[in-house]
Undergrad: 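Next up is a structure, given as structure tokens.
Indexing begins at 1, ligand by ligand and atom by atom, following the structure's order.
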Amino acid sequence: MRKKIVAGNWKMNLDYEEGLSLFSEVINMVHDEITGKQQVVVCSPFIHLHSLVQLAKGYSKISVGAQNAHQAESGAYTGEVSAKMIHSTGTEYVILGHSERRQYFGETNELLAKKTDTALKNSLKPIFCIGETLQQREANEHFNIIKQQLEEGVFHLDATQFSALVLAYEPVWAIGTGVTATSAQAQEIHLFIRNEIASKYSKEIADNTTILYGGSCNPKNAGELFAQPDIDGGLIGGASLKSRDFIDIVKTFN
Ligand code: PEP
């Protein structure tokens, strides 16, 4: 059975103290309120990772993730952080291919394929994001775009490597906009992604792949989205910065 996961993406928010304080609240709420088997992942800026991992010790339902990693193993890349460094903090996950990285930092499918390889080589589990822009959806290109992102970003992996991934469908037009994909729109794409995985690898691998939905997910809409048969949880931006909202989304799986 595939894992149910709710991951928070803090983006470039919260200073060191604020991050630790929010994470402590999340830990307490997960401990007191989460009764299901869902996994909670908090993806913070690099500066928090080591401390969050220490705080999460002993809480098996909570994991920590980074939001990016460099494609090279090490070297003269001033200001960058490698997958090995991230892993050395005890961090388990890394978001790759977020639309903000694609849009503002020019990350292409080709680059993301390299980042995925390096992350996996260093025992990080990528949360690999894919999704179409509004313009692409309006031009009815969304299925082709998703297929291309999969083929060029992750379908070079062998079956064992692919099985370590979590995928996140994040329609760009729904990220941070307050506009959510309808549960039918999201389910349609999630099923499409699962079918693509089945054709490329196997039905078993497709059935075991966790596919998250991301885009203006909140405590009010999470229930309907997560009830869809091919939606296995969420990648949560804005609402992950408020412990109450984030945990209420996680509680959808209780
Ligand atoms: C995200 O950035 O991954 C995201 C889904 O953001 P938001 O929930 O704020 O739309």
Side-chain angles (χ1 to χ4, degrees), residues 4-14 18-19 22-23 26 38-46 48-49 63-69 91 93-107 112 115-116 119 124-134 136-137 142 145-146 149 153-154 165-183 185-187 189-190 193 210-226 228 230-253:
K4 304 288 184 194
I5 296 177
V6 179
N9 173 13
W10 288 357
K11 311 194 185 191
M12 197 174 74
N13 292 298
L14 309 175
E18 289 165 344
L22 173 60
F23 192 69
V26 167
Q38 64 274 51
Q39 188 69 24
V40 179
V41 182
V42 171
C43 299
S44 75
F46 294 128
H48 302 100
L49 292 175
S63 302
V64 175
Q67 299 171 17
N68 180 33
T91 297
Y93 289 88
V94 61
I95 297 174
L96 292 178
H98 192 282
S99 66
E100 288 153 14
R101 302 273 338 156
R102 292 176 187 263
Q103 185 182 350
Y104 303 130
F105 301 94
E107 295 197 355
L112 291 166
K115 288 193 174 209
T116 304
L124 291 175
K125 297 175 190 159
I127 300 174
F128 193 91
C129 304
I130 54 182
E132 81 285 357
T133 63
L134 184 59
Q136 289 162 340
R137 180 164 277 264
H142 42 299
I145 292 293
I146 301 285
Q149 289 171 336
V154 292
L165 297 187
V166 171
L167 295 179
Y169 168 58
E170 298 210 305
V172 181
W173 45 272
I175 297 179
T177 57
V179 180
T180 318
T182 64
S183 52
Q185 281 173 323
Q187 166 58 24
I189 299 282
H190 281 235
I193 294 169
T210 297
I211 310 176
L212 310 180
Y213 167 79
S216 300
C217 198
N218 61 44
K220 287 205 178 85
N221 59 33
E224 197 184 325
L225 286 160
F226 296 178
Q228 302 306 308
D230 290 290
I231 300 182
D232 307 310
L235 180 54
I236 318 298
S240 73
L241 296 170
K242 294 186 193 130
S243 54
R244 184 70 270 156
D245 284 358
F246 185 54
I247 293 303
D248 283 348
I249 295 171
V250 178
K251 277 168 86 171
T252 304
F253 285 123

Undergrad: Which heavy atom of A181 sits nearest to which heavy atom of Y213, and what is that distance?
TA: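 Heavy-atom minimum between the residues: N-OH, 3.1 Å.
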Undergrad: Heavy-atom contacts with G238 under 4.0 Å: which atoms of ligand 1 show up? List them by number with element.
TA: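 Taking each heavy atom of G238 in turn, ligand 1 has 7 (P), 8 (O), 9 (O) under 4.0 Å.
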Undergrad: Looking only at heavy atoms, which two atoms of C217 and I249 are closest? And how far apart?
TA: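 Shortest heavy-atom contact: O-CD1, 3.9 Å.
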Undergrad: Need the ligand 1 atom indices (1-based, order shown) with element for anything under 4.0 Å from a heavy-atom of G215.
TA: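 Every atom of ligand 1 under 4.0 Å from some heavy atom of G215: 5 (C), 10 (O).
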Undergrad: Can you pull out the closest protein heavy atom to atom 3 (O) of ligand 1? Residue, atom name and distance to 0.1 Å, please.
TA: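 The protein heavy atom lying closest is E170 OE2, 2.7 Å.
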Undergrad: Under 4.0 Å, counting heavy atoms only: does G176 come that close to any atom of ligand 1?
TA: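 Yes, G176 has a heavy atom closer than 4.0 Å to ligand 1.
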Undergrad: Please indicate whether Q187 has more than 12 foreign heavy atoms, meaning atoms of other residues, nucleotides or ligands, lying under 6.0 Å from its CD.
TA: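 Atom CD in Q187 is packed in, count exceeds 12.
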Undergrad: Are any side-chain N or O atoms of N221 and backbone N or O atoms of N218, one a donor and one an acceptor, separated by less than 3.5 Å?
TA: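 Looks like yes, one N/O pair under 3.5 Å.
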Undergrad: For ligand 1, which is the ligand I care about here, please tell me if G237 has any N or O atom under 3.5 Å from one of the ligand's N or O atoms.
TA: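 For ligand 1, there is an N or O atom that lies under 3.5 Å from one belonging to G237.
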Undergrad: Between E100, H98, Q67, flag the one that comes closest to atom 1 (C) of ligand 1 by a heavy atom.
TA: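 Among E100, H98, Q67, the closest heavy atom to atom 1 (C) of ligand 1 comes from H98.
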Undergrad: Kindly indicate, with the supporting measurements, whether the criterion salt bridge (Lys or Arg N to Asp or Glu O under 4.0 Å) is fulfilled by E107 and R101.
TA: CA-CA 6 Å; E107 295 197 355; R101 302 273 338 156; 3.0 Å; yes
Undergrad: K11 heavy atoms, cut-off 4.0 Å: which ligand 1 atoms fall inside?
TA: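 Counting from 1, the qualifying ligand atoms are 1 (C), 2 (O), 6 (O).
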Undergrad: Provide the number and element of each atom of ligand 1 under 4.0 Å from a heavy atom of L235.
TA: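 Matching atoms, with element in brackets: 3 (O), 5 (C).
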Undergrad: Which atom names give the shortest non-hydrogen contact between V166 and I5, and what distance separates them?
TA: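 Looks like CG2-CD1, 3.9 Å.
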Undergrad: So, does A174 sit close enough to ligand 1 that a heavy atom of it is under 4.0 Å from the ligand?
TA: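 Distance cut 4.0 Å: A174 passes for ligand 1.
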Undergrad: State whether the side chain of S216 and the backbone N or O of A174 hold a donor-acceptor pair below 3.5 Å, judged by distance alone.
TA: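 Yes: the side chain of S216 pairs with the backbone of A174.
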Undergrad: Using a heavy-atom cut-off of under 4.0 Å, does the side chain or the backbone of N9 touch ligand 1, or both, or neither?
TA: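 Under 4.0 Å from ligand 1, N9 contributes side-chain atoms alone.
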